[in-house]
Amino acid sequence: MNKIFDVIIVGGGPIGLACGVEAQKQGLDYLILEKGALTNSIFNYPVNMRFFSTSERLEMAGIPFMSVENKPTRTEALEYYRRIYSHFQLKVNLYEGVQTLKKIDGQFEITTTKTQYQTKKIVLATGFYDLPNLMNVPGEELPKVMHYYKEPWPFISQKVLVVGGANSAVDAALETWRKGAEVSMVLLDEEVDQNVKYWVRPDIMNRIKEGSIQAYTKSKIKEIREKEVVISTPDGDVTIANDWVLAMTGYKPNFALLDQLGVELSLDEKRQPCYDQANQESNVPGVYLAGVVCGGLNTREFFIENSIVHADSIMKDIRGKLN
Ligand SMILES: Cc1cc2nc3c(=O)[nH]c(=O)nc-3n(C[C@H](O)[C@H](O)[C@H](O)COP(=O)(O)OP(=O)(O)OC[C@H]3O[C@@H](n4cnc5c(N)ncnc54)[C@H](O)[C@@H]3O)c2cc1C
């Protein structure tokens, strides 16, 4: 009942697990709390997703990441992280979401969906994949509108509108089109994003050019109805027949969780949390940030490759401070 952990890590994604490995290395009494399955975000990625990183760049703790091709699939990544979890016998409580976080007398009280914990330090490694950016248009609440795309099979012979021009949107458009959906895209810009995976971009550009996929560029969705969608284009409003809307409009971190602890956000459009890059400690002493949550709304700033190092600097800092 009165146990006080050295550190509790919120989030069992790749970076939360890396934090667990480093905490163990430093001899810290730690626990990882994960609201869903192990590496829940990756579990929720599109079934056929392939990473843009090569597998060796995703490796942690010197454990080789085997993949059949140089860039791993979602399934290979799920298996890799499962092996990390079992190899290091990481202490992870799955299906236990953190609801409230409070700082009391220099320590922290965490209330989860199951119980309460006391800890000296907290690491927030909560990612950004739980909260989609909404379009805020009439009809967005209809069941045909999806913010997460899994696989193409439900969309055979369906009229699909994909919203967005980044990797997720392009993958969804190409996959559903190849399984026989009639696909249109709504792009805010003149063409798909420059950052679309370099081996996929020519594919989507050519499908648009040949007219197989209709792209409404410099356009926005205006209204979604049961059987049609209204698109606001530079030439005026266009209404098209529609069965499904795949709104691949990106995601954002759970700022409410940061706010509970008093972690400040930058005032610019990035809303980047305040932290010291040397040790990842936020403006609230004892609260550390790890992984892609550090980028705020700039969800492209951090990815697994360049944030895995957070784990080492955080746990060394905590070890030093607890000594
Ligand atoms: C489609 C897609 C493809 C990508 N491809 C690549 C790539 O090729 N290479 C690369 O380096 N990066 C890639 N990224 C980025 C990277 O995979 C993810 O951002 C990565 O999962 C980040 O790891 P993380 O541990 O910081 O966050 P996440 O993996 O998002 O982990 C956060 C975890 O916290 C949990 N959580 C959230 N709130 C709570 C709570 N209140 N209580 C308990 N648990 C909570 C979530 O369930 C989740 O499991 C990709 C991202 C996407 C969306």
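Throughout, numbering of the chain's residues begins at 1 and tracks the sequence. All values reported here derive from a predicted model rather than from experimental measurement.
In this structure, L28 CG and C19 SG are separated by 11.0 Å, a value rounded to the nearest 0.5 Å.
Contact check for N298 versus Q272: no side-chain heavy atoms found under the 4.5 Å cut-off. Using a 4.5 Å cut-off on side-chain heavy atoms (C-beta onward), F65 and E76 make contact.
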Exercise. Tell me, with the steps shown, if V7 and M315 meet side-chain contact (heavy atoms from CB on, under 4.5 Å).
Key: CA-CA 9 Å; V7 54; M315 294 308 159; 4.3 Å; yes

Self-check item: Full working for side-chain contact (heavy atoms from CB on, under 4.5 Å) between I63 and F88
Solution: CA-CA 10 Å; I63 304 290; F88 290 98; 3.8 Å; yes

Quiz item: Would V293 and L257 count as a side-chain contact (heavy atoms from CB on, under 4.5 Å) if you check the C-alpha gap in whole Å, the side-chain angles of each, and the deciding distance to 0.1 Å?
Solution: CA-CA 11 Å; V293 69; L257 216 52; over 6 Å; no

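A side-chain donor-acceptor contact under 3.5 Å links Y117 and N93. Inspection of the D317 and Y288 side chains reveals an N or O donor paired with an N or O acceptor under 3.5 Å. One side chain, D268 or S266, offers a donor N or O that lies under 3.5 Å from an acceptor on the other. Side-chain atoms of T217 and E190 form no donor-acceptor pair, as typed in the model, at a separation below 3.5 Å. At a cut-off of 3.5 Å, with distance as the only test, a side-chain donor of T112 or E96 sits close to an acceptor on the other residue.
Two rings, from F43 and Y81, have their centers 6.0 Å or more apart.
None of D6, D105, D29 except one satisfies the salt bridge (Lys or Arg N to Asp or Glu O under 4.0 Å) rule with K120; the exception is D6.
The existence of a salt bridge linking E79 and R82 is confirmed by a sub-4.0 Å separation between a basic side-chain nitrogen and an acidic carboxylate oxygen. At a threshold of 4.0 Å, the pair R201-E191 counts as salt-bridged, since one of the basic side-chain nitrogens sits closer than that to a carboxylate oxygen.
Other residues, nucleotides and ligands contribute more than 12 heavy atoms inside 6.0 Å of the NZ atom of K103.
For N306 (side chain) and F303 (main-chain N/O), a donor-acceptor pair under 3.5 Å exists by modelled atom type. Distance alone, capped at 3.5 Å, is enough to place a donor-acceptor pair between the T113 side chain and the G97 backbone.
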